[in-house]
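One structure is given below, encoded as C-alpha cells.
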Amino acid sequence: AGSEKVFVDGVEMKRGENNDYVVDYSSAQITFTSKRLITSASRINVDFEYTDRRFQRNFMGVNLNTILFDGKIWFSFNYLRESDDKDNLIEYSLSDEEKRVLEQAGGDRSRGVISGVSESAPDSLGNQTGLYVKKDTLINSSPFTYYAYAPNTRDARFNVVFRYVGEGKGDYSRLTLSNYKFAGIGKGSYLPIKYLPMPELKQNASFVIESELIRNTKISLELAGSFYNANRFSTLEGTIKNGFAANLNFELKPVPFELFGHSLGKASFSFKERYLGNNYIPFDRINPVEFNREYNFNSEGNAYEELREINLNYLPSDNLTVSGKYGMLAKGDELRTDRFFSNIKYSDKDISRVDFTIDYAKTGNLSLKTDWNRQNGTAFYSSGIFRPGVEYLFDEKKETISGDSLISTSYRHWEAAPFLELIKINGLDLRTQISLRQEFIPESGSFSRQSDALLRTVKIGLRPFSEIASTLNLTL
C-alpha cells in the first residue's frame, strides 16, 4: 500500500478522491476520478512494489560519496542486496518432493510447478464436496484428462487451482473468479498448476565519477554490475546470471556565442552513450515511463542493448527555445530504432505561448518495418480577460512486413481541441473546450476512417474566500 506510481499518457497522477484516482488494495483496483477522463486512447502505466509473503526477506544498501579538488570531481559507490532466506518460509511450507522439483527447475519459472488438482476430503458422512468433475477423453487419438466446473453435483470431487501462463500457452479460459472452462490444448491462457515459491537473490553495485574540470561542461561515467540468482534451491546452469552496464554522459551547459560582435543567443549540447549487457538486471526502473513507446521498443529478451542520444538546444532569446535530438537504440543485431525529435517553444510569461513537437521513430528488424510519426502542440494568446487557444495531436504508426501493405497493428488518429479561458477574474476560473478526434485503421493494406469522437468540456472554479473553494467539471 502506498508504493504505487500511476501514469496516464506519461504524466504521473496524484492519489485522492479530490485528485486523479483512488485505489482499493484488497481488490487491486484503481478508479480514476471525474477530473481524469479515461478513453480508449489513454495509456496507463502502474509501477508498484509487492511481496508474496513466502520467504523472510533481507535488504541492505551501502552508499559512499567523496568530493575532490574543491568540488570539481565526485566519486560515488552504491551497493544493494536483497535476498530471500530459503530456510525461513512464511505462511507456507515446502515438502521434500516440492524441494526436489525446485532443485531441478533451475531459473525456469515454468518448471517450478506442481499440480493444482486436489481431491476434496470426505465429510463425516463420507461425502466429497468439490467444484470440478474429472473427465477423460481422446484428443488426436490420445487419452487426455480435463476438469469441468460443476459445483453441487455428485461427481464434483475435485478442487482445482489455475494459474495464468500466457495467451495461447494454456488449456483453460477464465469465466469467473472460480469458474474455468476447458478451451482445448493450447487454446487458453490458464493451466491447473501451482507455482512453487522460488527464493531469489539480487545484488547490484555501481561506481560513478563526475567531473566539471572544464567550465560549463560536465562529464559522468557510471559502471554497474548485477548478480541475480533466480532460485537459491537450485545449482543448475543458467540459474545465476551476472550482468554489466555502462553509462557515459557529456553535457555542455548553455553558453552565449557571437558573430561579428552580435549576440546570437545561447546554445547547449549533450551526448549520452549507454550499454546494458544481456544479463544485466537493475533494481528499479531506469528509463522514463514512456521510453519503450518513444523508441517503439520491447525490452524483453536476452540480447544486449545499446542507446546513443545527441541533444542540441538553441536559445536565440529568453522567450524562444529550439531543440533537436537524435537517438539510436539497438537490441542485439536484430532490432534497431532511429529516433528524431524536434521542439520549438515560445513563451511570453502568461500572455502567449506556442509549444510544438515532432517525434519520429523508424524501427526495423529481420522482417517488420515501422514508421511512427507523433506530433503534438498547444498555443494560446491572452487579451484582457480572455485567453483563446488550441491543442493539437497527431499519431500515425505504419507497420509493414516485407512489403508496403499495412498490417493490423498500424493506426492513425488526430485530435484538434480549441479552448477559451476567462482569466484575471477575482475568485473565478472558467475554461470551455471542444475536441474533435478522428481514428483510422488499416483495411486492405491502407488506412480507412473508423470513427469520430466529439468531446465537450466545461470547468468552473470559484474561490470567493481563501477558506472556501468550489469546482464544477462537466464532460460530454
Test side-chain contact (heavy atoms from CB on, under 4.5 Å) applied to E399 and W372, step by step:
CA-CA 8 Å; E399 292 198 315; W372 201 344; over 6 Å; no
Hey, could you give me the OG/CZ distance between S410 and F440, rounded to the nearest 0.5 Å?
14.0 Å
Taken to the nearest 0.5 Å, the spacing of E251 CD from F269 CZ works out to 11.0 Å
Contact summary for S234 and T239, nearest pair of heavy atoms
OG-OG1, 3.7 Å
When you compare the side chain of N231 with that of P199, does any pair of heavy atoms fall below 4.5 Å?
yes
Are a donor atom and an acceptor atom from the side chains of Y304 and D333 found within less than 3.5 Å of each other?
yes
Evaluate Y228 against E200 for side-chain hydrogen bond (donor to acceptor under 3.5 Å, both in side chains), listing each step before the verdict.
CA-CA 7 Å; Y228 176 62; E200 299 178 336; 2.9 Å; yes
CG (L248) and CG (L223) are apart, to the nearest 0.5 Å, by 9.5 Å
Salt-bridge contact K86-D84 (side-chain N to carboxylate O under 4.0 Å):
no
Side chain to side chain donor-acceptor pair (under 3.5 Å) with D359: of R339, Q375, R293, K325, only one passes, and it is R339
Is the positively charged end of R431 above the ring of F419, judged by distance under 6.0 angstrom from the centroid and angle within 45° of the axis?
yes
How would you list, by chain and number, every residue that makes a side chain to side chain contact (heavy atoms under 4.5 Å, CB included) with L196, sequence neighbours excluded?
Y92, L94, E98, V101, L102, I114
Between Y190 and F162, is the gap from one ring center to the other below 6.0 Å?
no
Can you tell if the side chain of E290 reaches within under 4.5 Å of the side chain of P288, non-hydrogen atoms only?
no
Minimal non-hydrogen separation, D350 against F380, with atom names
O-CE1, 3.7 Å
Steps toward side-chain contact (heavy atoms from CB on, under 4.5 Å) verdict (D47, F7)
CA-CA 9 Å; D47 292 352; F7 302 86; 4.1 Å; yes
Pair R57 + E49, salt bridge at N-O below 4.0 Å
no
What is the minimum heavy-atom distance between G188 and S173, and which atoms define it?
CA-OG, 4.1 Å
In Å and rounded to the nearest 0.5 Å, what is the CG to CG distance from L393 to N376?
6.5 Å
Taking all non-hydrogen atoms of both residues into account, name the closest pair between D171 and I185 and its distance.
OD1-CA, 3.3 Å
Would you sort out whether R274 and N287 count as a side-chain hydrogen bond (donor to acceptor under 3.5 Å, both in side chains), showing the intermediate values?
CA-CA 12 Å; R274 188 183 75 183; N287 293 319; 2.7 Å; yes
Do D338 and Y326 have side-chain atoms, one donor and one acceptor, less than 3.5 Å apart?
yes
K369 side, atom NZ; T400 side, atom OG1 - distance, nearest 0.5 Å
8.0 Å
Candidates N296, D371, T370 - the one meeting side chain to side chain donor-acceptor pair (under 3.5 Å) with K362
D371
Report the C-alpha separation of I90 and Q56 in whole Å, then their side-chain angles, then the decisive distance to 0.1 Å, and conclude whether the side-chain contact (heavy atoms from CB on, under 4.5 Å) test is met.
CA-CA 7 Å; I90 303 174; Q56 183 72 37; 3.8 Å; yes
If you count heavy atoms of other groups shown closer than 6.0 angstrom to CZ of F257, is the number above 12?
yes
Pair R100 + E103: basic N to acidic O under 4.0 Å:
no
For a quick check under 3.5 Å, do E4 and Y25 share a side-chain donor-acceptor pair by atom type?
yes
Around atom CG of N18, are there more than 12 heavy atoms from other residues, nucleotides or ligands closer than 6.0 Å?
no
Rounded distance [0.5 Å steps], NZ in K241 versus OH in Y280
15.0 Å
Residues Y132, Y180; criterion side-chain contact (heavy atoms from CB on, under 4.5 Å); working and verdict
CA-CA 10 Å; Y132 283 84; Y180 293 79; 3.6 Å; yes
State whether the number of non-hydrogen atoms from other residues, nucleotides or ligands found under 6.0 Å of L175 atom CG is greater than 12.
yes
Without hydrogens or angle criteria, can the side chains of N204 and S226 be said to hold a donor-acceptor pair below 3.5 Å?
no
Any side-chain to backbone donor/acceptor pair from N373 onto K397? Under 3.5 Å, distance only.
no
Within a radius of less than 6.0 Å around CD of E17, do more than 12 heavy atoms belonging to other residues, nucleotides or ligands occur?
no
Are there over 12 heavy-atom neighbours, none belonging to E334, within less than 6.0 Å of that residue's CD?
no
May I ask you to check whether over 12 heavy atoms, not counting those of K272, lie within 6.0 Å of atom NZ?
yes
Considering non-hydrogen atoms only, spot the tightest contact between E167 and S189 and give its length.
OE1-OG, 3.0 Å
Verify the neighbour count for atom CZ of R353: are there more than 12 heavy atoms of other residues, nucleotides or ligands below 6.0 Å?
no
Check S435 against A417 and note the closest heavy-atom contact, atom names and distance.
CB-CB, 3.7 Å
Got a sec: does the CG of N65 have more than 12 other heavy atoms crowding it under 6.0 Å?
yes
Please name the residue in the list L37, T475, N473 that meets the side chain to side chain contact (heavy atoms under 4.5 Å, CB included) test with T457.
T475
